Amino acid sequence: MKVLCVAEKPSIARSISAILSGGQFTTRPSANKYIKNFDFNYPQTNSIYTVTSVSGHLTAHDFGDAYRTWNSCDPFVLFDVPIETKISTESKTIEKNLRNEARGADMLMIWTDCDREGEHIGSEIATVCQKAKHNIIVKRARFSAIIAQQIHNAAQHPVELDRAQANAVEARILLDLRIGAAFTRMQTLTLQGRFAQLNEKRDPVSYGPCQFPTLGFVVSRYNQVKSFVPETFWYIFLSLSRSTSSSSAPEETQFTWRRGHLFDFDVTLALYQHVLGDPLARVVKVVQKPTKKWKPLPLTTVELQKSGSRLLKLAPKKLLDVAEKLYQKGFLSYPRTETDQFDPQFDHMSLIRKQKIDPNWGAFATALEQANGFVGPRTGKNNDKAHPPIHPTAHIGNLEGDERRVYEFITRRYLACCSKDAEGWEKNVEVECGGERFSASLTILARNYLDVYIYDKWYGKVIPDFEEGEEFTPTVCELKEGETSSPSYLTEADLVTLMDKNGIGTDATIAQHIQTIVDREYVLERMEGATKYLVPSTLGIGLIEGYNQIGFEKSLSKPQLRRETERSMVQVCEGTKTKQDMLAQSIEQYKDMYIRARGEFNKVITVSSAFGRIDVMR
DNA sequence: GCAAGGTC
């Protein structure tokens, strides 16, 4: 039997071939420069295998000619007019390769990632191959990691394609296109009629079910900052200076008031006077216990973008681009993964060994190899069943600039994962004075993973000995005043976190959505020191606040609608809803909102005009 | 000139 295997991307095709053939395969080029065909025998099922791949989705969706140009129709009809599905121009050579290979095959085995999108890509592959060979048997290989035993098992026990999952994705594709195109054209054409600046630039004023909630987060934080009024508070500050030993200089131990701070001056003053009336502080409790600072979890794409943008000051999109490049050069594992747990069979030692030669972290890697050095990584809660957490696959010493910094971060993170938690000793001293309680708590370090993961800080300070029942005269006892501080604008790391929590976009697209609202000039990047903050432009504020004033039951700029789309997709996958019902219900809902938005768009225009100009403020 | 999701 001749079997044609098709993976979602070239790297997986190569890995599968290496495993199934035991390294004995021949390589043929295809019409596409990224894609190769691998041939070998697979005696376990008495078959001749060819393994190739696509490169993500094969098809593109668009309206027919009659509706593609912007002035050809009322945007409202885009909710209903037919959508054409074509092989995208970039995929033409890939389609050709699939057809050639399918003609000579008895069976098509689909090896796309085991997620909804993978099932949809699989159905695209099946359509192309069945066109080339009508009676080809279509099967699907199920695997959750590129591990020999799993890959062999998948090849020997193929299952059926899950059409329900493919349908759910198809519905989302159609919905996003209809909603995006209809609202984008309506917004753009209406605003261009009112604001000359927009007309000159001809930039679309886009709407999208992911980009608007993303913009909504930025505007919402902006409003919090603008409406913030500082509040004065008061607190009692207590400290003691004493030497830890007879020879050392005195050190100050600061105690924290158990009440934190109060907003009522008179009450605070009364309590303070009570404390002043009692010159002696008594140690009521000393608790000492070991404490830990946990090493980081294995690295996912979202976490790379969050911690990377915070620690390396690189934009999430940039981080992903750099990681992608390093992956293509063979230094990193696949950088788009939701998985924060390594497979129990994962071979860490050979990867750690590769890092021993590094001048900066080689010694740490060497120590991990010794007895008591290595501790298996923590197990997170997420597993996409397709890719392991991001880790270095080879050592490289001559990178420069951002590539070097990203590689270093990922490598240090990985080595930290294979190390031990930092250990400390916590001493909590509780003190009573004039009826008020105060406490001090400090930690002493045993660094472990912190030695390689230089991005985490864990400060500790030796605290003098205190004994229960001991009395002392505080060195300082003061009534102090403070002020609540304004929230800051959103950082990119904050925004990634919010999007991830609210299910806006996926690990691979979150960074793109942020880029989109910047490109559309809805949001400006403002540097303060080394930190980049996101501030909405007048246009961004006008759009969000304008829609808010229309008072939709479900806001176009909040995550709820996207969550509902997600829930509908799950229902289609489970078979509790049909694709047609999902489409019909959503389209109806958005049509109602579209009609109201169009009717009351003067509110968006009014809010935008209120800022005087609709172009961006600098 | 529109979306979001894959991927190179």
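Because the structure is a prediction, the values reported are computed rather than measured. Numbered from 1 within each chain, the chains take letters A, B, ... in sequence-line order.
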Exercise. Which residue pairs satisfy the salt bridge (Lys or Arg N to Asp or Glu O under 4.0 Å) criterion with at least one member in residues 491-519 of chain A, sequence neighbours excluded?
Worked result: A/Glu492-A/Lys532

Problem set entry | Qualifying salt bridge (Lys or Arg N to Asp or Glu O under 4.0 Å) pairs, either residue in residues 59-82 of chain A, two or more places apart | A/Asp65-A/Arg68, A/Asp74-A/Arg598, A/Asp80-A/Lys591

Side-chain N,O ([X]) to OP1/OP2 ([N]) below 4.0 Å:
| X | N | value |
| --- | --- | --- |
| A/Tyr334 | B/dT7 | yes |
| A/Arg116 | B/dA4 | no |
| A/Arg185 | B/dA3 | no |
| A/Thr506 | B/dG6 | yes |
| A/Arg336 | B/dT7 | yes |
| A/His513 | B/dG5 | yes |

[X]: what forms a ring-ring contact (aromatic ring centres under 6.0 Å, His included) with it, not counting sequence neighbours?
| X | result |
| --- | --- |
| A/Phe143 | A/Trp111 |
| A/Phe346 | A/Phe342, A/His348, A/His391 |
| A/His395 | none |
| A/His513 | none |

Give [X] one of three labels, base, sugar-phosphate or nothing, depending on what nucleic acid heavy atoms sit under 4.0 Å from its own.
| X | value |
| --- | --- |
| A/Pro209 | sugar-phosphate |
| A/Gln192 | base |
| A/Tyr207 | sugar-phosphate |
| A/Asp62 | base |
| A/Thr516 | nothing |
| A/Gly118 | nothing |
| A/Phe212 | nothing |

Exercise. Counting N and O atoms only, with roles assigned by atom type, does the side chain of A/Ser91 sit under 3.5 Å from a partner on the main chain of A/Ile94, one being a donor and the other an acceptor?
Worked result: no

Figure out the [atom1]/[atom2] separation between [X] and [N], and round it to whole Å.
| X | N | atom1 | atom2 | result |
| --- | --- | --- | --- | --- |
| A/Lys33 | B/dT7 | NZ | C1' | 14 Å |
| A/Asp507 | B/dG6 | CG | P | 7 Å |
| A/Met569 | B/dA4 | CE | P | 14 Å |

Seminar exercise, completed: Residue pairs meeting ring-ring contact (aromatic ring centres under 6.0 Å, His included), one or both in residues 567-599 of chain A, sequence neighbours left out, come to A/Phe76-A/Tyr594, A/Phe79-A/Tyr594, A/Phe183-A/Tyr594

Problem set entry | Contact residues, residues 174-182 of chain A to DNA chain B [heavy atom, < 4.0 Å] | A/Asp176, A/Leu177, A/Gly180, A/Ala181

Exercise. What parts of residues 579-591 of chain A reach DNA chain B, counting only heavy atoms under 4.0 Å away?
Worked result: none

Exercise. Which of the following nucleotides, B/dG1, B/dT7, B/dA4, is nearest to the side chain of A/Thr188?
Worked result: B/dG1

Problem set entry | Distance under 6.0 Å and angle within 45° of ring axis: A/Lys558 vs A/Tyr547 | no

Seminar exercise, completed: Walking DNA chain B from its 5' end, the first of A/Gln512 and A/Asn71 to be reached, judged by nearest nucleotide, is A/Asn71

Seminar exercise, completed: Of A/Tyr34 and A/Leu78, the one whose nearest nucleotide on DNA chain B sits closer to the 5' end is A/Leu78

Exercise. Does A/Trp70 stack onto the base of B/dG1, taking stacking as ring centres under 5.5 Å apart and planes under 30° apart?
Worked result: yes

Exercise. Going by heavy atoms in the side chains, are A/Leu583 and A/Leu174 under 4.5 Å from each other?
Worked result: yes

